[in-house]
Amino acid sequence: MKNFNYGIGHLTIGISLDIAAGRVKGVTNEEARSRIQTSWKEVEKIVHARLPVYGINTGFGPLCDTRISEKDTSLLQSNILKSHSVGVGKPIPQEIAKLMLITKVQALAQGYSGIALPTLERIIWHIDNNVIPLVPEKGSVGASGDLAPLSHLFLPLIGLGFVNVGEEKYPAAEILKQHDLQPLVLGPKEGLALINGTQFILAFAIKAVERLNNALNVADLIGAMSLEGLMGSSRPFDGRLHAIRPYKGTKLVAKRLATLLQGSAIGSSHVDCDRVQDPYSLRCMPQVHGASRNAWLHLKELTEIELNSVTDNPVIFNADDTISGGNFHGQPLALPLDYATVAAAELGNIADRRCYLMSEGRYGLPKLLTDDAGLNSGLMIPQYTTAALVTENKTFCFPASADSVPTSLGQEDHVSMGSISGRKLHMVLDNLEYIQAIELMYASQALEFRRPLQSTPVIEELHQLVRQHVPFIKEDRIFAEDINALHQLIISGELEAMANQSAQKHNINITADDEFGIY
């Protein structure tokens, strides 16, 4: 197994996900440990010299002018974990909580936070042993860091709160006892270093980058299948057209679609037809899918910067040089998360339009994609579901980052609400993945009405994969079961993996440049 050196190595989205999945092991090497211990010693100097430094020997937030005695500096740090654990709602997914732990270690191990090495090693123990703290989903305003969720995340360090081991929930104290571990006594600055930071927002961003990347790739694949089912033209994907309006995302989508459709017997069968142009949901896939890819690129770039940043407060350069700033503010991620939310919603919006097109009975397709409409409703109602999900997604598109509610008696008078931005993006992705499953059902049905004509090898193999799970629709049945089966194909990555394998087998390239990857 490969190792990643926390605090020293450059952490990417892919590596973060690999550590969370157990494919890579995160460690601290000698250089990182030296930095961590040096920073901790600088905090000790501050305490002994009685230099007034925020959060070390002062109160927090509006209590920053209240001095704390040397003997109470440790109690101050455990108190902050307890008092700030005010999250409500359902626990976040374990993978997200684990990503919070991983990204926190990366930030602390850079040696600007004054954390003690044993504290960092205990966090790594939680990661390595999959003892994942329970973190409520709501309560962060994304400004002085994700205070509430990070407080819950680190309660187990002091023997409080709850953890998941597998699918079971336990009191943290019980699990520590099973492993002969004692709760930690936090030193000066440690509690504040643990809960100041953007790791809740960041963990949601990491997972969103992965999920949206899959959705973008799937959008092109299903869009190509829909176009073939509707006997649309591939001419709008000509590279020359996009070279004169050269957005990165647009050029990539056009290239992928052109490659996927090249040599199609369905396409060549209607080259001389009298259709002048296709509806926008077919013709403008490069522009619409491509714009969403541009938004994804922006989110990926800023997420990777945040992955390798120090986001707590104050930052310790040395005992005589500390800065109480605002690196914990979530605005740099809140804005691109809101942008990506709109981008994901738009993928669903255009997919719904293609579903509607395929149900209209145009271009030689039977109405509602069934030969016996009347007795059978056929694919009438699944588009109701896409319409409902598209509309629900629109309600999630109001940018949380456009709002700010002052907190902490006005000390924290502008907040990012980025935690809400991150959560909303995942709600939109949840809906999008179902919309794409429904479009896949429509596209696969439409393709069969073009027989005996065949599409390209990749599209035909994708169609065969669908038919292994969902048979051709001859008469009405419980379509929810089909939707769920296709949804699983999409979220598991199996659909995209099949496309890539097929493309490689047939010596065509539908992969993107490294810039569009997550490593």
(Q) Between E346 and S292, is the side-chain hydrogen bond (donor to acceptor under 3.5 Å, both in side chains) condition met? List the steps. (A) CA-CA 7 Å; E346 279 300 287; S292 292; over 6 Å; no
Q: Carefully, step by step, assess T311 and Q199 under the rule side chain to side chain contact (heavy atoms under 4.5 Å, CB included).
A: CA-CA 9 Å; T311 57; Q199 284 74 37; 3.3 Å; yes
[X] side chain vs [Y] backbone, donor-acceptor pair below 3.5 Å:
X    : Y    : answer
D146 : F200 : yes
K98  : H126 : no
N29  : E31  : yes
K41  : I36  : no
E433 : I491 : no
Q110 : I8   : no
K300 : G517 : yes
H152 : L134 : no

Q.
For R293 and N213, which I'm curious about, is there any donor-acceptor pair between the side chains at under 3.5 Å?
A.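 Judged by distance alone, the side chains do not pair up.
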(Q) Does the plane of the ring in F317 sit parallel, tilted or perpendicular to the ring in Y112? Use 30° and 60° as the thresholds. (A)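 Geometry flag for Y112 against F317: perpendicular rings.
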Q. Taking the six-membered ring for Trp, are H329 and H414 ring centroids under 6.0 Å apart?
A.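 Judged by ring-centre distance (under 6.0 Å), H329 and H414 do meet the cut-off.
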Q) Between F162 and Y170, does the ring centre distance come in under 6.0 Å? A)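 No: the rings miss the under 6.0 Å criterion.
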Going by salt bridge (charged side-chain N to carboxylate O under 4.0 Å, His left out), name the residues that satisfy it together with [X], two or more places apart in sequence or in a different chain.
X    : value
E30  : none
D413 : none
E494 : none

Q: For a side chain to side chain contact (heavy atoms under 4.5 Å, CB included) with L307, tell me which candidate from L302, L99, T103 qualifies.
A: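 Only one of L302, L99, T103 forms a side chain to side chain contact (heavy atoms under 4.5 Å, CB included) with L307, namely T103.
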**Q.** Chi angles and distances behind the side chain to side chain contact (heavy atoms under 4.5 Å, CB included) call for L333, S416
**A.** CA-CA 9 Å; L333 282 184; S416 77; over 6 Å; no
Q. Run the side-chain hydrogen bond (donor to acceptor under 3.5 Å, both in side chains) check on T198 and E306 step by step: do they pass?
A. CA-CA 8 Å; T198 58; E306 195 80 347; 2.6 Å; yes
Q: Would you sort out whether E42 and K45 count as a salt bridge (Lys or Arg N to Asp or Glu O under 4.0 Å), showing the intermediate values?
A: CA-CA 5 Å; E42 294 300 310; K45 289 179 186 177; 3.0 Å; yes
